[in-house]
Protein chains: 2
Amino acid sequence: MTSADHPLSALLRLFRSTAYLESRLSPGLGSVHGLALNELLFLLQLSRAPLQRLRRVDLAQRLHTSQSTITRMALPLEKIGLIKREADPRDARVAYVTLTKTGRTRTAEAEATFSRMAAEIFRDRWSDKDIAQLSSLLGRFTAALPGDLTD
Amino acid sequence: MTSADHPLSALLRLFRSTAYLESRLSPGLGSVHGLALNELLFLLQLSRAPLQRLRRVDLAQRLHTSQSTITRMALPLEKIGLIKREADPRDARVAYVTLTKTGRTRTAEAEATFSRMAAEIFRDRWSDKDIAQLSSLLGRFTAALPGDLTD
DNA sequence: AGATTATACTTGCGTCAGGAAGCATTTCGG
DNA sequence: CCGAAATGCTTCCTGACGCAAGTATAATCT
């Protein structure tokens, strides 16, 4: 209602920026490595995980999505050999999602192109300090949660 | 690859924050006013427009979505009387989406609760300056595009 | 130990989203 | 002017997602 409602405007701009950046990045990413943005985020979570593997529940939590989505997303990725299914010897309920060797290289390649695209996004009008500050501020939202993807 | 790849980490955190915040805000918003987050953004665009009305193409562009999505989203909103369809006397192709009187009040109410929820998000660990800075930085992404929703 | 509860995952179903094609209208080029 | 291209919108088709229910295994309670 009042002007300078910063919490509101920050959130509105956050959603707007995301919609904008997704529409801008998705096509390029998909065409280069055959991966959707969500799939790359999926794989990046694995690549950051201790043994390049995670339980499906944890993956769901880190990606802020549902378990069923994880199940469905894993299917094609397993079919093309980027991930594989692994059992837990101590608990027969869990089915780890594990990055394969091919998966590791493909993820690294896709991450590299994504990083280039990211740099391109910021190329104009952004100083290194601005970018670092933005990253730092955004990091606060999920600081307490596992799965931050920063190196 | 290298550490402190700020463009990359800024974008990753942006997507992650959005996923987190959507999952946190959507249920509450929907239960209070019966509007999904996307629908509120839809209505807010109209409330900020010159005559509380926009062409469907422009709405699609501002929301970074497709025209078909606008068509589909407009149906239920029109059915419950928040928006209405208006013709352009000079161009028979366009069908304006216009906010009704009920739509204006409902939008204002939903915006108020959304603003409260936004404030709640930032309540801990965020100074006013931090929030303003985040908002300002995010504003850069879409600064050149029409449809910024800041008052 | 046996029964209840909790956890991990999958499947079925309904909803929502985008791309391509289709239709109507306007604009452009000669 | 008249045909061709462009624009605005809708419809059809398909894919992605979440929720609730179902199954299997593990943990807990008495």
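Lettering of chains follows the sequences in order, A, B, ..., and the numbering in each one begins at 1. Below, each value reflects all heavy atoms present in this structure, side chains not excepted, and no hydrogens, waters or symmetry copies.
- Distance B/Leu63 CG to C/dA17 C1': 13 Å, rounded to the nearest Å.
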message = Is there a salt bridge (Lys or Arg N to Asp or Glu O under 4.0 Å) between A/Asp88 and A/Arg55? Walk through the geometry before answering.
response = CA-CA 9 Å; A/Asp88 184 327; A/Arg55 302 189 310 164; over 6 Å; no

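- For B/Glu39 and C/dA17, the CD to P distance is 8 Å, given to the nearest whole Å.
- A close approach under 4.0 Å does occur between a side-chain nitrogen or oxygen of A/Arg56 and OP1 or OP2 of C/dT10.
- A close approach under 4.0 Å does not occur between any side-chain nitrogen or oxygen of A/Thr71 and OP1 or OP2 of C/dT11.
- Rounding to whole angstrom units, CD of residue B/Glu86 and P of D/dC9 are separated by 13 Å.
- Contacts of A/Arg72 with the nucleic acid, taken as non-hydrogen atoms under 4.0 Å apart, include base atoms.
- Summarising the local packing, CG of B/Asp128 is surrounded by 12 or fewer heavy atoms from other residues, nucleotides or ligands at distances under 6.0 Å.
- Computed from coordinates, the A/Gln61 CD to D/dG18 P distance equals 14 Å when rounded to whole Å.
- Remark: C1' of C/dC16 and CZ of B/Phe42 are 14 Å apart, rounded to the nearest angstrom.
- Nucleotide C/dT25 holds its C1' atom 12 Å from the CG atom of B/Asp88, rounded to whole Å.
- Put simply, the residue from A/Leu40, A/Val32, A/Leu35 that forms a side chain to side chain contact (heavy atoms under 4.5 Å, CB included) with A/Thr113 is A/Val32.
- Candidate nucleotides D/dG18, C/dT10, D/dT10 were compared by shortest atom distance to the side chain of A/Thr65, and D/dG18 ranks first.
- Side chain of B/Ser66, nearest nucleotide from C/dG19, D/dC17, D/dT25: C/dG19.
- Every residue meeting the salt bridge (Lys or Arg N to Asp or Glu O under 4.0 Å) condition with B/Asp148, not counting sequence neighbours, appears here in chain and number order: A/Arg13.
- One atom, CG of A/Leu59, and another, P of C/dT10, lie 11 Å apart when rounded to the nearest Å.
- The side chain of A/Ala92 lies closest to D/dT25, out of C/dT26, D/dT25, D/dT10.
- Between the base of C/dG19 and the side chain of B/Ser68 there is a donor-acceptor pair shorter than 3.5 Å.
- The residue among A/Asn38 and A/Arg93 whose nearest nucleotide of DNA chain D is located toward the 5' end is A/Asn38.
- Each of B/Arg116, B/Arg106, B/Arg48 was compared with B/Glu111 under the salt bridge (charged side-chain N to carboxylate O under 4.0 Å, His left out) criterion, and only B/Arg48 meets it.
- To the nearest angstrom, P of C/dA8 lies 15 Å from CZ of A/Arg85.
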